[in-house]
Amino acid sequence: MNRLLLPAALLLAALPTFAQKPKAAENLVQYAHPIVGTAKMGHTFPGATVPFGMVQLSPDTDTLSYELNGKYNPDMYKYCAGYQYTDKTIVGFSHTHFSGTGHSDLGDFLVMPTTGPLQLNPGTATQPERGFRSTYSHDTEVAEPGYYKVKLDDHNILAELTATNRVGMHQYTFPQSDQAHLILDLMAGIYNYPDKNVWTFVRVENDSLVTGYRQTNGWARTRTVYFAMSFSKPFTDYGSRNFSKKQVYRGFWGKFDQTKNFPDLAGEQLRMYFNFKTTAGEKLKVKFALSPVSTAGALQNLRTEAPGWDFNKVKAQAQQLWQQELSKVLVESPKKVDKENFYTAMYHAFLSPTTFMDVDGQYRGLDQNSHKADGFTNYTTFSLWDTYRALHPLFNLLQPKRNADMVQSMLAHFNQSVERMLPVWSHYANENWCMIGYHSVPVVADAVLKGNAPFDANKALDACVTTARTQRYDGIGEYMQLGYVPEDKSGSSVSKTLEYAYDDWCIAQMAQKLNRQDIYQEFSKRAQNWRNVYDPRIGFMRPKLADGTFRKEFDVLSTHNQGFIEGNAWNYSLYVPQDPAALITIMGGQKRFVEHLDSLFTMHLPDKFFAETEDITREGIIGNYVHGNEPAHHAAYLYNWTDQPYKTQARVRMILPKMYRPTPDGLGGNDDCGQMSAWYIFSALGFYPVAPGSPDYALGSPAVHGATMNLENGKTFRITVKNQSDKNVYVKEARLNGQKLTKPFLAYQDIVKGGELVFTMAAKP
């Protein structure tokens, strides 16, 4: 039939088929701002990476040494991520960075494009013209997920960066120049010092391909990173300078001039340069691939992930990966700032742990041998003292496959460990032994207890038990013998006792699920050890000595040398996340407990009480509540175990805007590999995992107007918020799938099987 002869009604009915298009998915990448946290204490980096990527290609803004007159240089602390927003110069772009840590390493393979006379020293922040660094302006700086751009003013070069998982891609738009250079600084690093570089090896394979490796001795004691560097056009010539101290033995290499066009280089302190002639507006591109195993692995990574030279295509692919990950939660709010805070937190939460294997599954193990990941992706960068609290529980909801792979990576670490321990703080095939506790345990336990364990759960439990029985590690021997860590034998003793007891509770829960009754009984008893450091005379946790007496010299407000790590007695006395009800009882009942909690948020903590703790600053403190550090992250939710849960709702909504803003200084403390951001995500959605390993979340007060969680199992969990406003911070009613909740808790299973949680908000409790 001729379509023109259709009856009008039928024609109108047919039109939507042709006229209506499905609504395009909202671009969520626009709301995520990598620049957030790059000022002050956030310690984030603004450069280009993909979700959980092995390459973090980002600008570094200074070259301070970790060492000053033979001691630690405290000015170094602000450069944990290599970049500080207030700095005026950029030294170059390196390929590895931590996000939000309070200690550091990495900063490998710094690349810097320059013009004019060749300079092979970086210059200084006050005199950048004396070296290869350059001034820049934030006016020309663009930082997006998967993409970074800035104008290097001193060299008139536009620098652009993007990345795949294992390859960093650079694009430099040069002016016309017969003196265009690309510097490859193999000495540079973060938390650097003169002896950190153990050895560097470089081969110039041809006029557009360079390979090599770098071995360092830093936070990771024995770390080797391999690279392959490919140029989009041949260099005209090249050279190097070896800044190493004079070696007594140098072999017979002196017969060569190794400073110019020599393809076989090795030394402790090398810088290289590659010369080009450029026309105005010419784009010089570089692909820089990493491998933990070999230069052959780096080359395979490069050719597999970035075979061509289309910079915009690689950028688009990177941003599509970010769109895909950010779309796991679709939040609704009429305020742009809410979406900016939420998706920036999502971005930061999905930066680490990082991939640590080649495209063929090969990786360097803790034993410094090559291994192949069989059926899982091997990950590294485990900041577990921070991330067990909320980041890994978030992954169990939004990234269950990745989290299971992370647990398998931890179990591989255990199998390769000569100490027979799960990771404490590990990266790049090294154990750093940083911070306290054995907090792989709650990550493993939470995965097993939530049914996200495609591995041998009994072997995982055995690894947890073996770790928890390692008596030579950090006071565990005394802890097992006495029921607490004595302060005169091991510092930060109260924190250790409390955190060991929580980890032990996690082991007990896992043992109960697996019907390992002997383990369940042993670790259920150990989980009660927190009681042994509570002093009922003063109502606080307190350091105890080996003779069974409490230490006399004690200050409940000080964060230094009082038996606690990065916190004080006021905060840490609330750390019994596995049994808040028992804590409330031992502290004198609900009335007294609520008074303690209230005072935490309302009292004033004078500067002198945290002056000696670099991880705690005024920006991260509300009253005496230290949100900028982790030990009290669960504290606001503890009102749910009292008769005043409405105070949790008020506290959470007060903390969110104070500690999180979409600005360079918008984080109240180190993001700590995503823990601070995970706290935001959970809290903005209206619930929080007070005790990972428990099946329940504690309800708070949602800050968004609604959200849809797109789960990996294909289900969706909908959060609807009625009467939402800045004043309506109290939950008048919460209904799960139509049924009114009578207690302020939500079960994991109720989320993963899909459904709807409806909050009705009010201005009064």
Side-chain angles (χ1 to χ4, degrees), residues 49-56 95-98 105-106 108-109 163-168 198 201 211-228 288-306 351-384 387 395 399 401-432 440 443-444 454-456 459-460 463 673:
T49 188
V50 298
F52 308 97
M54 191 158 80
V55 165
Q56 308 86 31
H95 291 79
T96 57
H97 295 82
F98 288 128
D105 206 344
L106 311 183
D108 299 294
F109 310 122
T164 69
N165 192 336
R166 299 167 178 87
V167 183
V198 177
F201 171 72
T211 62
Y213 70 80
R214 178 189 195 219
Q215 186 183 65
T216 60
N217 169 19
W219 198 16
R221 186 175 62 180
T222 306
R223 190 174 68 93
T224 306
V225 192
Y226 298 85
F227 75 89
F288 205 107
L290 302 184
S291 167
V293 178
S294 64
T295 56
L299 268 170
Q300 186 181 12
N301 294 339
L302 189 152
R303 290 165 178 163
T304 302
E305 292 190 353
L351 289 176
S352 58
T354 52
T355 304
F356 191 64
M357 69 179 199
D358 291 338
V359 291
D360 62 1
Q362 297 287 329
Y363 69 95
R364 176 68 56 91
L366 189 66
D367 55 7
Q368 300 305 305
N369 293 319
S370 292
H371 297 264
K372 186 166 185 177
D374 185 12
F376 70 98
T377 297
N378 188 62
Y379 287 93
T380 190
T381 315
F382 289 118
S383 179
L384 291 159
T387 58
F395 292 163
Q399 303 277 2
K401 173 62 169 68
R402 290 188 196 268
N403 197 66
D405 286 356
M406 291 166 191
V407 172
Q408 288 179 269
S409 303
M410 295 178 195
L411 296 174
H413 174 114
F414 174 84
N415 291 331
Q416 296 154 14
S417 166
V418 73
E419 289 90 6
R420 301 297 290 164
M421 288 188 69
L422 288 162
V424 174
W425 208 128
S426 64
H427 77 280
Y428 274 76
N430 276 255
E431 175 60 83
N432 308 330
S440 289
V443 177
V444 175
F455 46 81
D456 189 326
K459 284 188 177 179
C673 289

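By convention here, the first residue in the shown sequence is residue 1. Basis for what follows: all heavy atoms, side chains included, without hydrogens, waters or symmetry-related copies.
- Expressed to the nearest 0.5 Å, how far OG of Ser291 lies from CG of Leu302 amounts to 11.5 Å.
- The closest donor-acceptor contact from the side chain of Asn301 to the backbone of Val359 lies under 3.5 Å.
- Under the 3.5 Å distance criterion, the side-chain polar atoms of Gln416 are left unmatched by any main-chain donor or acceptor of Phe414.
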Could you go through residues 368-375 and list every donor-acceptor pair under 3.5 Å that involves a side-chain atom there, pairing it with any protein atom two or more places apart or in another chain?
| unit_1 | atom_1 | unit_2 | atom_2 | d |
| --- | --- | --- | --- | --- |
| Gln368 | NE2 | Ala429 | O | 2.9 |
| His371 | NE2 | Asp367 | OD1 | 2.8 |
| His371 | NE2 | Asp367 | OD2 | 3.0 |

Between Arg364 and Thr224, does a side chain to side chain contact (heavy atoms under 4.5 Å, CB included) hold up when you go through it step by step? CA-CA 9 Å; Arg364 176 68 56 91; Thr224 306; 4.2 Å; yes

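- With sequence neighbours excluded, the residues satisfying side chain to side chain contact (heavy atoms under 4.5 Å, CB included) with Pro423 are Leu384, Met410, His413, Ser426, Glu431, Ser440.
- The shortest heavy-atom contact between Thr377 and Asp405 is N-OD2, 3.3 Å.
- The salt bridge (charged side-chain N to carboxylate O under 4.0 Å, His left out) contacts involving residues 212-221 comprise Asp108-Arg214, where partners must be two or more places apart or lie in separate chains.
- Looking at every heavy atom in both residues, Ser383 comes nearest to Trp425 through OG-NE1, 3.1 Å.
- Going from atom CG of Leu411 over to atom CD of Gln408 covers 7.0 Å, rounded to the nearest 0.5 Å.
- Within the 3.5 Å criterion, the main-chain N or O of Phe395 finds no donor-acceptor partner in the side chain of Asn403.
- For the pair Val55/Val167, no side-chain contact is recorded, criterion being any heavy-atom separation below 4.5 Å from C-beta on.
- For the ring pair (Phe, Tyr, Trp, His ring centres under 6.0 Å) criterion with His427, the lone passing option out of Trp219, Phe356, Phe382 is Trp219.
- The aromatic rings of Phe227 and Phe109 are tilted relative to each other, their planes meeting at an angle between 30° and 60°.
- In this view, Phe201 and Tyr213 satisfy the ring-ring contact (aromatic ring centres under 6.0 Å, His included) rule, not counting sequence neighbours.
- Taking CG from Asn165 and OG1 from Thr304, the interatomic distance works out to 11.5 Å, rounded to the nearest 0.5 Å.
- Judged purely by atom type and a 3.5 angstrom limit, Thr295 has no side-chain atom pairing as donor or acceptor with the backbone of Tyr226.
- Leu290 CG to His95 NE2: the interatomic distance, rounded to the nearest 0.5 Å, is 6.5 Å.
- Within the 4.5 Å cutoff, the side chain of Asp105 has no heavy atoms near those of the Tyr428 side chain.
- In this structure, the side chains of Pro292 and Met54 come closer than 4.5 Å at one or more pairs of heavy atoms.
- A heavy-atom distance below 4.5 Å is found between the side chains of Leu106 and Arg223.
- The backbone N or O of Thr222 sits less than 3.5 Å from a side-chain atom of Asn430, completing a donor-acceptor pair.
- Atom NZ of Lys459 is surrounded by 12 or fewer heavy atoms from other residues, nucleotides or ligands within 6.0 Å.
- Here the side chains of Leu351 and Cys673 are not in contact, with every heavy-atom distance at 4.5 Å or above.
- Under the rule for a salt bridge (Lys or Arg N to Asp or Glu O under 4.0 Å), the partners of Glu305 that lie at least two apart in sequence or sit in another chain are Arg166.
- Summarising the geometry of Ser409 relative to Tyr379, their closest heavy-atom pair is OG-N, 2.9 Å, with the distance given to 0.1 Å.
- Under the rule for a side-chain hydrogen bond (donor to acceptor under 3.5 Å, both in side chains), the partners of Thr381 that lie at least two apart in sequence or sit in another chain are Thr354.
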